[in-house]
Amino acid sequence: MLPFVWSDDCLLHEPEAEVWIGTRTPATEVPARALAIRAALAAAGAQEVAAVSHDDSALLPVHDPALVEFLRTAWDDWSATALPSDRVVPYVFARSELTSGRAPATPTAIWARPGLFAYDTMTLIGPGTWEAARAAADAALTAVDLVTAGEPVAYACCRPPGHHATRSLYGGSCYLNNAAIAATALLDRAGGPVAIVDIDAHHGNGTQELFLGRADILTASVHVDPGAGWFPHFLGFEAENDEANLNLPLAPSTGDDGWLAAVREAAEFAAPARALVVALGVDAAAGDPESPLEVTAAGYREAGRILGELGLPTVVVQEGGYDLATIGPLVVETLFGLATV
Ligand code: SP5
Ligand code: ZN
């Protein structure tokens, strides 16, 4: 069984809540997710490897230094100010149209600063958020190191997830784009193009926007149709496809047959690459509270097999998956599929 990369620091992010349509609802992206996955991997006999700390220089091919600096300091600045909210939440947004495309001023008010970097109200920052986000990136980079050293497949138990984070914005429960960070690190070592295949139930909008127009990083995403009312709402459509980007939106209620056909198409698209990053969300599974797709455990295993058949050096990073009772087994099924080809 393949190695899995783990960091205790990924547990430090405890958002507690999401502000959705102005309502504080219980958080779905909770530390227990990572513990459930770890327990299932350990029971399956996977080898745990501790995440190794990497320099911030590995983040900068992907993220604006201003976003990194904001995430690093946001909680300390917020908590040093007497504010009525126990988490960093935006209330005003620095939309580019607001400033006619000019760079917005850096607000003096601490409570206005999140509006420079957040694109939703659901992605809260509290004590430990930065440490966890940084540890998740370290886990992804450690998995890259394992694959570079000759492991055919390595899995990183990244938490918080990453695929909704763009170059300079955070959102969708994501702060740093772990899959994108892994892909740029792999690019240096693969000697050719790298593909990211995203099978999370939601469109990997951050990853798509990060690599828009780049031929050396191919991006493919299989997800529930945002046009049917699902996050990230504004993108993830076929109209965004080009030679280096493939969106495969699926109708709500799509099960194994339709989903696996899309995964096969994504795998074919990725085939010319020299290395692969799988953004593995298991929220496409039937019963997940955050998506209407109806993939089974056998479907996830088959997806793993399809992607493993490409025979590329492969880094798997964790994205979503919110049903605590099933996410561990679903990750194990996928990895069994990938590693037993
Ligand atoms: C990584 C990942 O799977 N991110 C998913 C983010 C989607 N969240 C959008 C949720 C929309 C509203 N859901 C209502 C739940 C209220 N707690
Ligand atoms: Zn998701």
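Counting starts at 1 for both ligands and their atoms, in listed order.
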Of all N, O or S atoms in Asp200, identify the one at the shortest distance from the Zn ion (ligand 2). OD1
Looking only at N, O or S atoms, find the one in His202 nearest to the Zn ion (ligand 2) and name it. ND1
Do the side chains of Arg189 and Asp145 get close enough for a salt bridge, i.e. N-O under 4.0 angstrom? yes
Short N-O contact, Arg24 and Glu16, less than 4.0 angstrom: no
Can the ring centres of Tyr175 and Tyr170 be said to be less than 6.0 Å apart? yes
Measuring to the Zn ion (ligand 2), does [X] have an N/O/S atom at a distance below 2.8 Å?
{"X": "His163", "result": "no"}
{"X": "Glu290", "result": "no"}
{"X": "Glu319", "result": "no"}

Report whether Leu98 and Phe93 are members of the same hydrophobic cluster (ILVMFWY, side-chain heavy atoms less than 4.5 Å apart, transitive linking). no
Closer than 4.0 Å to some heavy atom of [X] - which atoms of ligand 1 meet that?
{"X": "Met122", "value": "10 (C)"}
{"X": "Asp283", "value": "3 (O)"}
{"X": "Glu290", "value": "10 (C), 13 (N), 15 (C)"}
{"X": "Tyr322", "value": "1 (C), 2 (C), 3 (O), 4 (N), 5 (C)"}
{"X": "Pro161", "value": "1 (C)"}

Could you say whether the N/O atoms of [X] and ligand 1 ever approach to under 3.5 Å?
{"X": "Gly172", "value": "yes"}
{"X": "Glu18", "value": "yes"}
{"X": "His164", "value": "yes"}
{"X": "His163", "value": "no"}

Taking side-chain hydrogen bond (donor to acceptor under 3.5 Å, both in side chains) as the test, write out the residues that go with Thr129, two or more places apart. His13
Side-chain H-bond candidate by donor/acceptor type, [X] with [Y], under 3.5 Å:
{"X": "Thr166", "Y": "Asn205", "answer": "no"}
{"X": "Ser221", "Y": "Asn247", "answer": "no"}
{"X": "Ser291", "Y": "Asp283", "answer": "no"}

Trp75 atom CH2, over 12 foreign heavy atoms within 6.0 Å: yes
Of the protein's non-hydrogen atoms, which lies at the shortest distance from atom 17 (N) of ligand 1, and what is that distance? Thr25 OG1, 2.8 Å
What protein heavy atom lies closest to atom 12 (C) of ligand 1? Include the residue and the distance to one decimal. Trp20 NE1, 3.2 Å
Checking the side chain of His223 only, and the main-chain atoms of Gly236 only, is there a donor and an acceptor separated by less than 3.5 Å? yes
